[in-house]
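Because only heavy atoms are used, hydrogens play no part in the values below, and waters and symmetry mates are left out as well, while side chains stay in. Numbers for residues simply follow the sequence, beginning at 1.
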Amino acid sequence: MKILFSPSESKKPTPNPLDLASLSINCDRDEILKSYYDILNSGDETTLSKIFGVKSSKDIANIVDLSSKKLYHKAIQMYDGVAYDALDYLNLDEKSAKYIDENLLIFSNLYGVLRAGDYARFYKLKQGQMVANIDSIKYYKGRLDRALDEFLDGDDIVDLRAGYYDKFYTIKSPYMTMKFLKSGRVVSHFAKYYRGLVLHHLALNGAGSFNDLMQIKFPNLSLVSIIKTKLKSELIFEINSD
């Protein structure tokens, strides 16, 4: 089973970066990466502020410094934020961590998609921001169609991406998504936490199929319905009151 996931705006360098690139999915990133690093090396603070989504000169300089180092960080440890806090990757046992490394695909404005266990250079790019004249979605749409159609062939797929990242790749086989309700109302921002929590328990249980997923009792969540539309089965969970 493969799980599709979103990145986070915030990122952190990992404790033990390697001077080695390792990308599982070949989707021709050369042009967009070259454009990104050309901007990085330009020293144009106005442009850098725009693509990083920060204003402070100190913050810009820090991001440039981290991004300029040709050291490669494990993708799953590079991303930060609510969903990744809930996943709690560093505290998973070895078998569960390996499950995440091999089965989680993290979509990226810069890299297109990264397998969680891939090593990539630290970067920061605001969601939806053009890289020079390159629109990430348009750049990667066809490339990811080809690469991921082959990579995902034969796997059950769980799509935990935020809506924006649906545009990078359209799933072409049966898949599951999840929606989270609180008192009958859809939660949006806090849904990130529950996606991370679900991912944590998929890893702990080594879920390899839809059937395996359906046997898991996710803490603080009650399955209330399943809505099937064409290829998609949407699991609707109610968040239990404390």
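- A side-chain donor-acceptor contact under 3.5 Å links Lys124 to the backbone of Glu9.
- Taking hydrophobic clusters as Ile, Leu, Val, Met, Phe, Trp and Tyr residues chained together by side-chain heavy-atom distances below 4.5 Å, Leu223 shares a cluster with Val158.
- For the atom pair NZ (Lys167) and CZ (Phe107), the distance works out to 14.0 Å, reported to the nearest 0.5 Å.
- Note that CG of Leu160 is 8.5 Å distant from OG1 of Thr177, once rounded to the nearest 0.5 Å.
- Considering every non-hydrogen atom in both Leu125 and Val131, the closest pair reads CD2-CG2, 3.7 Å.
- For Asp155, the salt bridge (Lys or Arg N to Asp or Glu O under 4.0 Å) partners two or more places apart in sequence, or in a different chain, are Lys2.
- Two rings, from Tyr123 and Tyr111, have their centers less than 6.0 Å apart.
- In the displayed structure, Lys179 atom NZ is contacted under 6.0 Å by at most 12 heavy atoms of other residues, nucleotides or ligands.
- A donor-acceptor distance shorter than 3.5 angstrom exists from the side chain of Ser209 to the backbone of Asp212, with no hydrogens or angles considered.
- Between Leu235 and Ile227 the shortest side-chain heavy-atom distance does not fall below 4.5 Å.
- With a 4.5 Å cut-off on side-chain heavy atoms, Arg121 and His73 do not count as touching.
- The side-chain hydrogen bond (donor to acceptor under 3.5 Å, both in side chains) search around Tyr193 returns none, not counting sequence neighbours.
- Contact annotation: the side chain of Ile236 approaches that of Glu234 to within less than 4.5 Å [non-hydrogen atoms, C-beta and beyond].
- Not counting sequence neighbours, the partners of Lys74 by the salt bridge (Lys or Arg N to Asp or Glu O under 4.0 Å) test are Asp101.
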Note to self: For a side-chain hydrogen bond (donor to acceptor under 3.5 Å, both in side chains) check, start with the C-alpha distance between Ser136 and Asn109, then their side-chain angles and the critical distance, and finish with the verdict.
What the structure shows: CA-CA 6 Å; Ser136 297; Asn109 289 322; 4.9 Å; no

Using residues 58-68 as the side-chain source, report each donor-acceptor pair under 3.5 Å to any protein atom, sequence neighbours left out, with the distance given to one decimal.
unit_1 : atom_1 : unit_2 : atom_2 : d
Ser67  : OG     : Ile63  : O      : 2.8
Ser68  : OG     : Val64  : O      : 2.6

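- Closest of all the heavy-atom pairs between Leu110 and Ile32 is O-CG2, 3.6 Å.
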Would you check, one step at a time, whether the test side chain to side chain contact (heavy atoms under 4.5 Å, CB included) holds for Tyr194 with Ile239?
CA-CA 9 Å; Tyr194 286 100; Ile239 300 169; 3.1 Å; yes

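- Residues Leu105 and Leu152 are in side-chain contact: their nearest non-hydrogen atoms beyond the backbone lie under 4.5 Å apart.
- A donor-acceptor pair under 3.5 Å is absent between the side-chain atoms of Arg185 and the main chain of Leu181, judged by distance alone.
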Donor-acceptor contacts, no H, no angles, side chain residues 19-28, under 3.5 Å, sequence neighbours left out:
unit_1 : atom_1 : unit_2 : atom_2 : d
Ser24  : OG     : Asp118 : OD1    : 2.6
Asn26  : OD1    : Asp28  : N      : 3.4

Problem set entry | Leu40/Ile51 under side chain to side chain contact (heavy atoms under 4.5 Å, CB included): CA gap, chis, key distance, verdict | CA-CA 10 Å; Leu40 196 75; Ile51 71 167; 6.0 Å; no

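- Shown here are the side-chain contact (heavy atoms from CB on, under 4.5 Å) partners of Ser6, two or more places apart in sequence or in another chain: Arg161, Ala162, Tyr165.
- Defined by atom type and a distance below 3.5 Å, a donor-acceptor pair is missing between the side-chain atoms of Ser8 and Lys192.
- Panel note: side chain Glu238, backbone Ser183; a donor-acceptor pair is recorded below 3.5 Å.
- A continuous path of Ile, Leu, Val, Met, Phe, Trp and Tyr side chains, each step under 4.5 Å between heavy atoms, connects Ile3 with Phe218, placing both in one hydrophobic cluster.
- With sequence neighbours excluded, the residues satisfying side-chain hydrogen bond (donor to acceptor under 3.5 Å, both in side chains) with Asp145 are Lys172.
- By the 4.5 Å heavy-atom criterion applied to side chains, His200 and Tyr89 are not counted as neighbours.
- For the atom pair Asn211 CG and Asp156 CG, the distance stands at 8.0 Å (nearest 0.5 Å).
- When all heavy atoms are compared, the tightest approach of Ser108 to Phe168 is O-CE2, 3.7 Å.
- Of the inter-residue distances, the one linking Lys98 atom NZ with Asn103 atom CG reads 10.5 Å to the nearest 0.5 angstrom.
- Phe210 and Met1 get closest at one heavy-atom pair: N-SD, 4.3 Å.
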Step by step, would you call Phe237 with Met178 a side chain to side chain contact (heavy atoms under 4.5 Å, CB included)?
CA-CA 7 Å; Phe237 288 97; Met178 298 184 182; 3.8 Å; yes

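- Residues satisfying the salt bridge (Lys or Arg N to Asp or Glu O under 4.0 Å) test with Asp38, not counting sequence neighbours, are Lys34.
- Ring pair Tyr84/Tyr79 is parallel by interplanar angle, where below 30° counts as parallel and above 60° as perpendicular.
- Evaluated for a side-chain contact (heavy atoms from CB on, under 4.5 Å) with Leu221, the options Ile216, Asn240, Val198 yield exactly one hit, Val198.
- At distances below 3.5 Å, not a single donor-acceptor pair connects side-chain atoms of Asn205 with backbone N or O atoms of Ala207.
- Side-chain contact check for Asp44 versus Lys50: every heavy-atom pair is 4.5 Å or farther apart.
- Phe122 and Leu71 fall into different hydrophobic clusters, defined by Ile, Leu, Val, Met, Phe, Trp and Tyr side-chain heavy atoms under 4.5 Å apart, directly or through other members.
- Listed by chain and number, the residues in a side-chain contact (heavy atoms from CB on, under 4.5 Å) with Ala203 are Leu92, Ser96, Tyr99, Ile100 (sequence neighbours excluded).
- Rounded to the nearest 0.5 Å, atoms CG (Leu199) and CG (Asp88) are 11.0 Å apart.
- Applying the side-chain contact (heavy atoms from CB on, under 4.5 Å) test to Pro15 and every residue at least two apart in sequence or in another chain returns Gln77.
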Trace of the side chain to side chain contact (heavy atoms under 4.5 Å, CB included) decision for Tyr140 with Val113 | CA-CA 9 Å; Tyr140 277 119; Val113 67; over 6 Å; no

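- Ile106 and Leu18 end up in different hydrophobic clusters when Ile, Leu, Val, Met, Phe, Trp and Tyr side chains are linked at under 4.5 Å.
- Linking ILVMFWY residues whenever their side-chain heavy atoms come closer than 4.5 Å, directly or via other members, leaves Met130 and Ile39 in distinct clusters.
- Taking the side chain as every heavy atom from C-beta outward, Met176 and Ile157 never approach each other to under 4.5 Å.
- Residue Met78 holds its CE atom at 10.0 Å from CD1 of Ile76, rounded to the nearest 0.5 Å.
- Taking both residues in full, the closest heavy atoms of Ser35 and Ala132 are given as CB-CB, 4.3 Å, listed atom of the first, atom of the second, then distance.
- In this structure Tyr169 satisfies the side-chain hydrogen bond (donor to acceptor under 3.5 Å, both in side chains) test together with Asp149, sequence neighbours excluded.
- Residues passing the side-chain hydrogen bond (donor to acceptor under 3.5 Å, both in side chains) test with Ser49, sequence neighbours excluded: none.
- Residues Ser57 and Glu45 have side chains in contact (heavy-atom distance under 4.5 Å, counting atoms from C-beta outward).
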